[in-house]
S.K.: 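To start, I am sharing the structure in question, which I have written as C-alpha cells.
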Amino acid sequence: MEAKPGSNSSISDHHQPRSFRRRIETPAAAETLPEEIIEQILLNLPVRSLLKFTSVSKSWRSLISSNRFIEAHLEFSRKDPNFTHYRTISTFSPPRNGGVKHCSLPSLFNGNGLATDAVDVDFPFDFSEKSVRVMGSCNGLVCIVTHEAHLLILLNPSTRKFKKLPDVCDRLMNTIICAFKYGFGFVESTRDYKVLLVCCVFRRDSSRCETMVKVYSLTTNSWRRIEFVVEDRYGFDVSGIFVSGKLHWCKIVKPESNSTFGIDTFDLGSEVWGNVTQPPSCVESGFYVSQSLGVVDGCLCVFYDHPRIGVDVWVMKEYGVSESWAKIVTVPDIHLPLISYPSNHKPSLCVGPKGRILFVFGSIVLIYNPRNNKFTCPDMKNFGGFLRSHVYYESLVPLV
Amino acid sequence: MAAETGTPTTLTLKSNDDELFSVAESAAILSVTIRNMVEDGCAGGVIPLDNVDGKTLASVITYMNGISAIPADEEKKKSYRDKFLSDKDFETLADMVLAANYLNMSCLMDAVSAKIAQVMEKKSVGWVRRKFGIENDYTPEEEAAVKEEHKWTFEGVETDDDN
C-alpha cells in the first residue's frame, strides 16, 4: 500500500491514494498492521468508540460504515463469550418519566451481589411523551411504543439513531387504536426489518370498531394491511417473541376448553400464521396459573408459573422439533414472592457468561448458576420495579 | 507425536534477529504455521521465523508454555491470557498481534486484538492516528462535519498521556 511521506493533516484528498497509513522512516509495528488485522481489532470495540473513530480518516470511516463490517461486528458481538456488548433495556410499570433504563450484562453478572448501575436511556429526540415501552429487540435495534398515542419508534440505542414509524391509521379520522399484539423482527432473505401490529381501530365519528393486522417494512418505510386469520382471542398489548424468523405468542386458553395452551406464530418473511407445539409434558407438575414466552440463547422458551411451587422454564433446543423441549430449571417460589410481581409482569431471561442464566421477574433480578444449582440476587442501583426487560447487543445497524 | 517416545520432542525456533529458542513441540504447535512445518517434516533442524523478532518470540514462547500447561478449561485459559497481557504496552501488543497473525495462533490473535481494542476504546482520534501511523486525509471542514455527526461520542475521551 503506497502512501506519501509523512505530511501534516488538512491536505486535500484528491491526489491521495486511499490508504490506512503513511510510511515513515522506522515504522513501529502498529504502523505496519495490515488492514485485516486493524479490522479484527476494530470488531472488538463498542459502537460508541467506532463512531468516534470514523473521524480518524476517510478509509476508517468507509470501513466502519460498510455493510460488511456492520454485519461482521454484529456477529462478533452476538457470539462474544464474554457478552461484553450485551445490555438489558428495561421499562417501568407503571410507566414514568425517563422510564427506560439500560444496564450492561457483564456488570450484572460480575457484580457478585454488588450494586450495579442502571442508566437512563438517553433518547436522542425530544420526547414529550416519555412513558414508553420496549416491545421487542433484534440485531441491536429496539422497537418502542409510546403509552397513549401508539407512536412506534425504532431506535438503535448504541448509535442513538432512531426512526419514527408512519402513523398506522390516518390520525385525522379521529380514531382510537387499541393494540392486541405487537412484534418486531428481521427477515433474513430480504435483509428487512418488520413490525407487526394487530389492533382494533375505533372511529369516534362512526362508532365503528374494526380489527386489523398491519405490517411495517423498514425497507419501504410503510404499513401494509394483511389478511387476518387468527381465530384466537387476542390478549392485550402482547409483544411477540422473535425466534427463528417468526414471532410467537401464547394462545389464550378458553376456560371452558380442557385443552392446554398452544403457541401462535407469525412468519415475518412469508407473512403466514402458524403454530408451534408446546412442551409435551408441560402440565406434569400440576396446575399452573400462567404461562409466558421468552427467548434464551436464541431458543424459544416457556415459563409456567405454579403458585407456591415456582416457575418452570422449558426451552425448545431445536426450533420446530417438539421432542427437543426440555425443562432447564425450576426457579423456586421462595426466590419469587408472588406478591411482588403482578401477573402481567413477564419474566425475561438470558444466558450469560459461564452458562449462568439471568432472570428478570418484575422488579427481581436473579442469576442462576447451573453448576451449583444456586441463585444469587445482584443489587441494582436506580432500578425499581419494571415491567419488562429486553436483552440486546450493541450494533451499528442503520435505520435506513 | 512426542508423547509416544516418552521424551518430549523439542523444537528450535530462530527469530529474524538470529536468536535461538528451544520449545516443546507440544507447546509450539499451538502455532498452525509451526504445526504445518512439523507435519511437512521441516522441523528437523532450526525453524526460521522471518517475521518475528527475538523479544516478541520470547514472549510468544512464554505464552505457548503457559497456556499449554493449562488443562482443557476455557475459564482458566482466559484468566491466564488476561494476566499474560495485562502488563503489555501498546507497542508490545502491536508486535504480538503481528506475530500471532504470522504464526497463525488464533487464540492469541483474538486475545491481543481484544486487548488492543480495550486500550484504544477511550483514546482520542489524534492518539489513534499517531499510534497507527494514519494520515488524516480529511479537510478541516470535512473532519468537523464528521465529528459533529457523532458529537456525543467525544464525551469522556481520555486526554492523551503519551505521544
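From a predicted model like this one, the values you see are computed outputs, not experimental measurements. Residue numbering restarts at 1 for every chain, and letters A, B, ... go by the order of the sequence lines.
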S.K.: Count the heavy atoms of every other residue, nucleotide or ligand shown that sit under 6.0 Å from NZ of A:Lys317, and state whether that count exceeds 12.
M.R.: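 Open: at most 12 neighbouring heavy atoms sit under 6.0 Å from NZ of A:Lys317.
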
S.K.: Let me know if B:Glu155 has heavy atoms under 4.5 Å from chain A in its side chain, its backbone, both or neither.
M.R.: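 When you check distances to chain A, atoms from both the backbone and side chain of B:Glu155 fall under 4.5 Å.
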
S.K.: Could you tell me whether a side-chain N or O of A:Lys52 sits under 3.5 Å from a main-chain N or O of B:Val157, the two making a donor and an acceptor?
M.R.: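 Between the backbone of B:Val157 and the side chain of A:Lys52 there is no qualifying donor-acceptor contact (under 3.5 Å).
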
S.K.: How long is the span from the CG atom in A:Leu51 to the NZ atom in B:Lys151, to the nearest 0.5 Å?
M.R.: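 That separation rounds to 15.5 Å.
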
S.K.: Pick whichever of B:Met109, B:Glu74, B:Met96 has the most heavy-atom pairs under 4.5 Å with chain A.
M.R.: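 Ranked by contacts with chain A, first place is B:Met109.
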
S.K.: Using a strict threshold of under 4.0 Å (side-chain N to carboxylate O), is an ion pair present between A:Arg160 and B:Glu149?
M.R.: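 Judged by the 4.0 Å cut-off on N to carboxylate O distance, B:Glu149 and A:Arg160 do not form a salt bridge.
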
S.K.: Report yes if some heavy atom in the side chain of A:Ser55 is under 4.5 Å from a heavy atom in the side chain of B:Asn136; otherwise report no.
M.R.: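 No, every pair of side-chain atoms sits at 4.5 Å or beyond.
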
S.K.: Keeping the roles fixed (side chain from B:Lys122, backbone from A:Ser49), state whether a donor-acceptor pair exists under 3.5 Å.
M.R.: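 Pair absent, no side-chain N/O of B:Lys122 close to backbone of A:Ser49.
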
S.K.: Select one option (side chain, backbone, both, neither) describing which atoms of B:Glu75 are under 4.5 Å from chain A's heavy atoms.
M.R.: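 The side chain, not the backbone.
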
S.K.: Are B:Val128 and A:Trp60 side-chain neighbours, meaning at least one heavy-atom pair lies under 4.5 Å?
M.R.: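 Side chain of B:Val128 against side chain of A:Trp60, heavy atoms only: contact under 4.5 Å found.
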
S.K.: Are B:Asp110 and A:Gln40 close enough that a side-chain donor and a side-chain acceptor fall under 3.5 Å?
M.R.: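 A pair is found: one side chain offers a donor N or O, the other an acceptor, under 3.5 Å apart.
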
S.K.: In Å, rounded to the nearest 0.5 Å, how long is the span from OG of A:Ser59 to CD of B:Glu135?
M.R.: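 It comes to 10.5 Å.
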
S.K.: Taking ring pair (Phe, Tyr, Trp, His ring centres under 6.0 Å) as the cut-off, I'd like each qualifying pair that reaches into residues 47-71 of chain B, sequence neighbours left out, listed once.
M.R.: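 Those involving residues 47-71 of chain B are B:Tyr63-B:Phe84.
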
S.K.: Rounded to the nearest 0.5 Å, what separation is found between the CD1 atom of B:Ile116 and the CD1 atom of A:Ile37?
M.R.: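 These two atoms lie 8.5 Å from each other.
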
S.K.: To the nearest 0.5 Å, what is the distance between OH (B:Tyr138) and NZ (A:Lys58)?
M.R.: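 B:Tyr138 atom OH to A:Lys58 atom NZ measures 7.5 Å (nearest 0.5 Å).
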
S.K.: Would you mind checking which part of B:Ser124 comes under 4.5 Å of any heavy atom in chain A, side chain (CB onward), backbone (N, CA, C, O), both or neither?
M.R.: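 For B:Ser124, backbone heavy atoms alone lie under 4.5 Å from chain A.
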
S.K.: Do B:Arg129 and A:Ser57 make a side-chain contact, defined as non-hydrogen atoms from C-beta onward lying under 4.5 Å apart?
M.R.: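 A side-chain contact is absent here, since even the closest heavy-atom pair is not under 4.5 Å.
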
S.K.: Looking at B:Lys131 and A:Ala30, what are the two nearest heavy atoms and their distance?
M.R.: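 Heavy atoms only, the tightest pair is O-CB, 3.2 Å.
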
S.K.: Looking at A:Asn82, A:Thr84, A:Leu43, which one has more heavy-atom pairs under 4.5 Å with chain B than the rest?
M.R.: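 Of A:Asn82, A:Thr84, A:Leu43, A:Asn82 has the most heavy-atom pairs under 4.5 Å with chain B.
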
S.K.: Between B:Ser113 (side chain) and A:Ile41 (backbone), is there a donor-acceptor pair under 3.5 Å?
M.R.: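 No.
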
S.K.: Can you give me the closest heavy-atom contact between B:Ala94 and A:Leu33, atom names plus distance?
M.R.: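 That closest heavy-atom pairing would be O-CD2, 4.2 Å.
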
S.K.: If every non-hydrogen atom of A:Ser158 is compared with every non-hydrogen atom of B:Trp152, which pair is closest and at what distance?
M.R.: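 Looks like O-CH2, 3.1 Å.
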
S.K.: Which distance, rounded to the nearest 0.5 Å, do you find between the CG of A:Leu42 and the CE of B:Met120?
M.R.: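 If we round to the nearest 0.5 Å, A:Leu42:CG and B:Met120:CE are 5.5 Å apart.
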
S.K.: For B:Asp95, which atoms come within 4.5 Å of any heavy atom of chain A: side chain, backbone, both, or neither?
M.R.: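 Both the backbone and the side chain of B:Asp95 come within 4.5 Å of chain A.
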
S.K.: Could you look at A:Thr159 and say if it's the side chain, the backbone, both or neither that has a heavy atom under 4.5 Å from chain B?
M.R.: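 The backbone, not the side chain.
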
S.K.: So which residue, B:Leu98, B:Leu93, B:Thr56, ends up with the most heavy-atom pairs under 4.5 Å with chain A?
M.R.: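 Ranked by contacts with chain A, first place is B:Leu98.
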
S.K.: What are the two closest heavy atoms between B:Ala117 and A:Leu45, and how far apart are they?
M.R.: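 Of all heavy-atom pairs spanning B:Ala117 and A:Leu45, the closest is O-CD2, 3.3 Å.
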
S.K.: Distance from A:Arg61 atom CZ to B:His150 atom NE2, nearest 0.5 Å?
M.R.: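 The CZ atom of A:Arg61 sits 7.5 Å away from the NE2 atom of B:His150.
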
